[in-house]
Amino acid sequence: MNNLKNRWIALYVENEVGVLAKVAGLFSAKSYNLQSLTVGTTEHEDISRMTICVTSDDITFEQIKKQLNTMVEVIKVMDLTNVPIHMKEILFAKIKRITAEEKAEAFRIVEVFAASGHIRTIDIGEDSMIIESALTERRNNELCALLRKTFKHIDIVRGGAVAMEAISTSCR
Amino acid sequence: MAMDIAGKKLFVKALQEEGVDTIFAYPGGYVTDILDELQRTEGIRIVLPRHEQALVHEAEGYARATGRPGVCLVTSGPGATNTITAITDAHYDSIPVIVFTGQVPQGLIGNDAFQEVDIVGMTRSVVKYGVTVRDRKKLGQILKMAFHIATTGKPGPVLIDLPKDIQLKTGPAEYPSEVHIRGYKPNESVHIGQLKKAYKLLRSAKRPIILAGGGVHIAGAEEELTRFAEEMHIPVVTTVMGKGSIPEDHPLYVGNSGMHGRYAANTAVNECDVLFSIGTRFNDRITGDLNEFAPNAKIIHVDVDTSSISRNVVVDVPVVSDAKLALEKLLEWASPKKTKNWREQIHLWQEEHPLQMRRDRGMTPQMIMEGINEVFPTGIVVTDVGQHQMWAAQYITLNKDRRMFTSGGLGTMGFGFPAAIGAKIGAPDQDVVCVTGDGGMQMNMQELATAIYEDVDVTVCIINNRYLGMVRQFQQVFYGKRYVDTCLCSPGGSPIDAKASEAEQPVYVPDFVKWAESYGALGIRVERGEDIIEALSRAKEHKGAAIVEFMIATEEIVLPMVKGGAPMSDMIL
C-alpha cells in the first residue's frame with residue numbers, strides 16, 4: 001500500500017510501573033509492525049523517553065500516533081521521521097574461533113566502518129574479539145550483514161535506536 | 001493539617017465527595033476492610049449481585065440511566081477476573097464505570113499468593129486507565145483521577161487495584177477537588193475552521209445524509225441533532241447505538257443502517273453524496289465491505305476521539321469534537337436546503353421494502369416489540385445480544401421519553417438482564433423493560449435473586465426460540481441448516497431430529513415460569529399474539545420483577561441481513 005517504510009517516534013511517558021507493557025501491548029494488540037523500542041529516563045526522573053521504530057504505511061502510522069496519544073500515561077508523541085535527528089544504536093559483536101588472518105580482516109572492517117562514526121575493538125583473545133559499534137541502526141544492519149557473511153561463529157547483541165532532535169538542521 | 005486517616009477511610013470519603021449514591025459490590029478477603037467502612041457510612045447504597053460479571057453490567061446500566069459513573073467493588077483474584085468481560089463491554093460502548101479491585105498486600109504481589117492476579121496487566125488493553133496503588137500518599141490523587149478519566153472526553157472504564165496494605169495504611173486525609181494529568185487532555189473545544197469546512201461541504205450536497213452514532217447519546221445531543229436535521233432538511237440514519245438520536249416517528253428519520261439495517265437506510269448511505277457522520281467509529285457492522293461503503297460520498301466525521309477518525313473509513317473532513325459542541329455551533333449557521341427530491345427518493349425506498357414481518361400466522365417478534373411499544377410508551381428498554389436485539393433495534397420505537405441500552409460494540413451475551421437491573425436502580429421512577437433471548441438470559445439468570453432482594457421492578461421479556469438464534473440463523477442461511485451447538489434443548493446443541501413433531505422434541509429447560517415463581521417473581525408464558533398486551537400489562541402492574549416468556553417459531557430470522565464483510569448494497573431482504 002502507500003509508503004511502507006521505517007518511521008521513528010519519540011515518546012515521553014510517565015516513568016511508572018506498567019507503562020512499557022502498555023505501549024508495547026498496543027503494537028501487538030493492533031498488529032502494528034514494531035522494529036525496535038528503547039526506553040530510558042530523561043532529565044526528569046518521573047518521565048521516561050522511548051524511541052520507537054515501526055514499519056508502516058502512512059495511514060497506519062497516523063493511527064499509531066493517535067492511539068499512543070490517547071493513552072493517559074503518554075505525555076507527548078513526537079514524529080521524528082522527517083526531522084533532523086542524531087540517532088545511534090549500541091551494538092556488540094563477538095567473533096569467535098577465528099584465525100589470525102580472519103582477525104586482521106575484522107580489524108579492517110572496523111577501520112572502514114569507523115568512517116561512519118564510533119566503532120572499535122574493545123576486547124580480544126587468542127581466537128576471538130569483541131567489536132563495539134555505536135552507529136546508526138542502518139549502518140549497524142550493514143555491519144551485521146557483512147560480519148555474518150565473513151565469519152562463521154558470531155554473537156550479536158543490539159540495543160535498538162536512540163534518537164534526539166538535532167540542533168543544527170543538517171544532521172541526520 | 002488534618003489528621004492522617006486509613007486508606008479505606010479516604011476511599012469512602014472520595015465516594016462521598018464524588019456524590020456516589022450506589023456501589024455495586026461483591027465481597028472477598030481483600031475488600032472486607034473497605035466494606036466494613038462502607039457499612040458505617042450513610043448515604044451509599046450497597047447492591048449485592050450474584051456474580052462479578054453481572055455486577056459490572058449492572059453498573060453499566062446504572063451509568064447509562066443516570067449519566068453518572070457506575071462504581072464497582074470486587075475482591076482480588078477470581079472476583080477481579082470475573083469483571084473482565086463486562087469491563088471490555090464498557091470499553092467498547094464508552095460507558096463510565098470505575099472498578100475497584102482488592103489486591104493482596106504489596107509484600108505478597110508476585111508470589112502467586114492466594115487469590116492474587118495481575119488484574120491491571122490483564123485489563124490493560126480494555127480500560128481507559130488502570131493502575132495499582134503502590135503508595136498510600138498517592139491514593140487520593142489516583143481516586144480523583146479515576147472519576148475524572150472515566151467521565152470526561154470519550155467516557156470509559158477505569159480500574160483501580162487496591163492492595164490490602166494500602167487500604168489499612170494511614171496517610172493524608174485530603175481528597176483533591178481537581179487533578180491535573182499532563183498526558184490526558186480531553187477535547188473540550190471544536191476547531192471552527194474544520195467545522196466550517198464540514199458545513200460548506202454539507203451545504204453543497206445534493207443527497208446529504210446524517211449518520212448518528214452512540215456518541216450523540218453520550219453527549220446528550222439528541223435535541224441538537226434533531227434540530228440540525230430539521231433546519232437543514234437532511235434525512236437521518238442511525239447506528240444501533242445511535243438509535244433514538246432523533247425521534248423515530250420524525251419524518252426525517254430513515255432508520256437504522258448496517259448489517260440488519262433497513263433497506264432504505266442502507267440504500268440512502270449507499271447513494272448519498274455527502275455523509276455527515278457524528279459519534280460513530282464506523283464499526284464493520286455499519287460499513288460492511290469498507291471499499292464499497294458510501295461509494296459516492298464525501299465523508300464528514302465528527303468524533304470526540306481523535307483515534308476514531310480515519311481509522312476504518314478514510315474521511316474527507318475530520319472534526320474532533322464532542323457531538324453536542326459541534327452541533328450547537330452548526331446550529332448557528334444552519335439554514336434550509338433543498339432536499340425534497342432526495343427525501344422523496346428515500347421515501348420510495350421505504351415503501352419499496354418496508355420493515356415488516358408476516359402477520360398471517362403465529363406470534364412474531366415484531367408483534368412482541370409492538371406490544372412493548374404500546375404497554376411501555378416511556379422508560380428504558382435494555383436488550384441482550386442476538387436476534388431479539390436486532391428485532392428490538394428494528395421494531396422498538398424510541399423518542400425523547402424512551403431510550404434503549406444495548407451491548408453494541410462487544411456484543412456481550414448476558415448483558416441485558418443485569419444492565420436492566422442497574423438501569424432501574426439508577427432510574428427508579430422509569431419503567432425498565434429487558435428484552436432478552438433464552439440463551440442470553442441463561443448467561444446471567446442468577447441475577448434474579450439480586451432483583452428480588454434489591455426490590456428491582458423490571459419486566460423481563462424472554463424471546464424463546466429454543467435456540468441460540470443468531471448463530472442458528474447463520475447455520476440456516478449459510479450452512480445448509482446444519483444446526484450444531486445452537487439448539488438449547490439437545491446434547492451438543494444439534495436438534496435430536498429436525499423432522500420430529502413438536503411433541504417428540506425434548507422438553508425445554510428451564511421452565512422459565514416455574515423458575516421465576518421459585519424466586520417469588522411473577523412468571524407468565526405467552527404463546528399467542530393476542531395474549532401479548534395482557535401479559536405485558538400484568539407484568540407492568542406487578543410490583544417487582546416479572547418474567548414474561550414469549551414462545552416464538554424456531555426458524556424466525558432477522559431480515560434484512562448483510563453477510564459479514566459483504567457490501568451493504570448486498571442485502572438479503
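So you know, we letter chains A, B, ... as the sequences are listed, proteins then strands, and number each from 1.
- With a 4.5 Å cut-off on non-hydrogen atoms, Val13(A) does not touch chain B at all.
- For Val74(A), the part lying near chain B is the backbone, with the side chain staying farther off; criterion is any non-hydrogen pair under 4.5 Å.
- Between Glu73(A) and Arg124(B), no side-chain nitrogen of the basic residue sits less than 4.0 Å from a carboxylate oxygen of the acidic one, so the salt-bridge criterion is not met.
- A cation-pi geometry, defined here as NZ or CZ lying under 6.0 Å from the six-membered ring centre and within 45° of its normal, holds between Arg139(A) and Phe113(A).
- Per-residue heavy-atom pair counts under 4.5 Å with chain B were compared for Thr60(A), Asn69(A), Val17(A), and the maximum is reached by Val17(A).
- No more than 12 heavy atoms of other residues, nucleotides or ligands sit less than 6.0 Å from atom NZ of Lys94(A).
- None of Val216(B), Ile309(B), Val317(B), Val319(B) except one satisfies the side-chain contact (heavy atoms from CB on, under 4.5 Å) rule with Val302(B); the exception is Val319(B).
- Both the backbone and the side chain of Gln67(A) come within contact range of chain B, with heavy atoms under 4.5 Å apart.
- The number of heavy-atom neighbours closer than 6.0 Å to OH of Tyr92(B), taken from other residues, nucleotides and ligands shown, is 12 or below.
- Residue Lys76(A): no heavy atom, backbone or side chain, is found under 4.5 Å from chain B.
- Between Arg134(B) and Asp165(B), no side-chain nitrogen of the basic residue sits less than 4.0 Å from a carboxylate oxygen of the acidic one, so the salt-bridge criterion is not met.
- Residue contact with chain A, scored on non-hydrogen atoms closer than 4.5 Å, is absent for Val120(B).
- Neither the backbone nor the side chain of Asp118(B) comes within less than 4.5 Å of any heavy atom of chain A.
- Proximity to chain A (any heavy atom under 4.5 Å) is shown, for Lys185(B), by neither the backbone nor the side chain.
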